[in-house]
K.L.:
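Can you keep this structure in mind? I'll have questions shortly.
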Amino acid sequence: MNEQRRQILQMLAEGKITAEEAEQLIDALERQAEPPAGDPPRPKTRPKYLRVVVSTPEGGESPSRINVRVPLQLLRAGVRLTSLIPPQALDKVNAQLLRSGVPIDLAQLKPQHIEDLIEQLDDLTVDLDEHDSKIRVFCE
Amino acid sequence: MTPSVVKVCWRRPDGTWRRVHVSVAPVLLALSPLLLLAALGAIIVHRAVRADVDTAETVRGLRGLLRALPGAEFEFEQGRTAVLVSVI
């Protein structure tokens, strides 16, 4: 659609059409772009929440259930805050990680990377079934 | 959108639910002297430690965190005990 609009503007710039004709053509393009009134809504909407559900079977001694809903926007906001960690603190954390046998350089982990990770969480579904508990992590 | 109400529900021993809606604004107003003290303390510590932290960025980050809170929900249920906390 942008290409057609560009062509119209180019024709206008070259003087092949008048401003009025260009306006009519752009209006026609916009009408085409609008979905028909009877169209059903899009079936898939973008997930807004990360849901974590931990449950134990009903038959147990004291069945328990934890259900946490975290807005994805909250995750993003939290990730932005990680950029405020001072470099000295990161150096100390890196040293401790190395000492524990986890050679990860957190300084290389940019907020943009984590934001990209959160963007891809939409399709994440984790299902863990154990004999005494069940864990589900998914986006909704 | 900042959180306006926190809904707290819990199940009583007889199985009935109690619901309490707490407005955030009056609570913040009541706690404002403490919050002011905390903010002053944070500024003094920041100056004393000379931490390499951008204050404006921190405030922006905290504001973003606060704005993203609505919709958060925590539900815990064990046996006859159940608690639900929801930020609206």
Side-chain angles (χ1 to χ4, degrees), chain A residues 45-94 106-107 110-112 114-115 118-119 121-122 132-140, chain B residues 1-15 17 19 21 24 35 38-39 41-88:
Chain A
T45 54
R46 202 170 167 75
K48 288 172 74 180
Y49 303 104
L50 179 75
R51 174 84 69 172
V52 181
V53 182
V54 182
S55 57
T56 55
E58 290 289 324
E61 248 177 49
S62 60
S64 64
R65 180 181 151 88
I66 297 173
N67 183 357
V68 182
R69 188 174 76 173
V70 184
L72 288 176
Q73 198 58 36
L74 188 64
L75 284 183
R76 287 193 189 93
V79 163
R80 275 186 215 116
L81 275 183
T82 58
S83 65
L84 298 171
I85 299 174
Q88 304 96 307
L90 277 181
D91 289 343
K92 286 181 184 171
V93 173
N94 282 339
L106 290 180
K110 304 291 178 208
Q112 182 58 41
I114 308 176
E115 284 212 31
I118 291 174
E119 285 293 320
L121 275 180
D122 295 2
D132 58 346
S133 65
K134 195 181 207 179
I135 302 170
R136 284 197 75 203
V137 181
F138 57 95
C139 287
E140 58 182 12
Chain B
M1 190 176 67
T2 50
S4 53
V5 175
V6 176
K7 185 174 86 173
V8 183
C9 308
W10 68 95
R11 193 164 55 198
R12 295 157 90 183
D14 60 356
W17 281 87
R19 285 179 188 80
H21 291 82
V24 174
L35 292 174
I43 291 170
I44 291 168
V45 169
H46 178 256
R47 291 270 166 108
V49 177
R50 292 180 184 173
D52 187 19
V53 177
D54 186 352
T55 315
E57 192 67 28
T58 310
V59 172
R60 262 199 298 274
L62 288 175
R63 196 175 58 191
L65 209 63
L66 198 70
R67 282 183 174 177
L69 266 177
E73 201 177 278
F74 174 81
E75 191 183 343
F76 172 76
E77 197 176 334
Q78 183 164 34
R80 298 179 67 179
T81 310
V83 178
L84 166 71
V85 180
S86 173
V87 184
I88 302 167

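Naming convention: chains lettered A, B, ... in sequence-line order (proteins, then strands); numbering from 1 in each chain. On a predicted model such as this, the values are computed, not experimentally measured, just so you know.
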K.L.:
Is Leu84(B) in contact with chain A via its backbone, its side chain, both, or neither, using a 4.5 Å heavy-atom distance?
P.N.:
neither
K.L.:
On a heavy-atom basis, which atom in Thr58(B) and which in Leu81(A) lie closest, and how many Å separate them?
P.N.:
O-CD2, 4.3 Å
K.L.:
Go through the structure and list residues passing salt bridge (Lys or Arg N to Asp or Glu O under 4.0 Å) with Arg65(A), not counting sequence neighbours.
P.N.:
none
K.L.:
Identify, with sequence neighbours excluded, every residue that meets side-chain contact (heavy atoms from CB on, under 4.5 Å) alongside Val59(B).
P.N.:
none
K.L.:
Pick one of side chain, backbone, both or neither for Ile66(A), based on which atoms fall under 4.5 Å of a heavy atom in chain B.
P.N.:
both
K.L.:
Against chain A, work out which of Gly71(B), Gly64(B), Ser86(B), Pro70(B) has the most heavy-atom pairs shorter than 4.5 Å and name it.
P.N.:
Gly71(B)
K.L.:
How long is the straight-line distance from CD of Gln73(A) back to CG of Leu65(B), given to the nearest 0.5 Å?
P.N.:
10.5 Å
K.L.:
Would you mind checking which part of Arg51(A) comes under 4.5 Å of any heavy atom in chain B, side chain (CB onward), backbone (N, CA, C, O), both or neither?
P.N.:
side chain
K.L.:
Could you tell me the separation between the CG atom of Asn67(A) and the CZ atom of Phe74(B), rounded to the nearest 0.5 Å?
P.N.:
9.5 Å
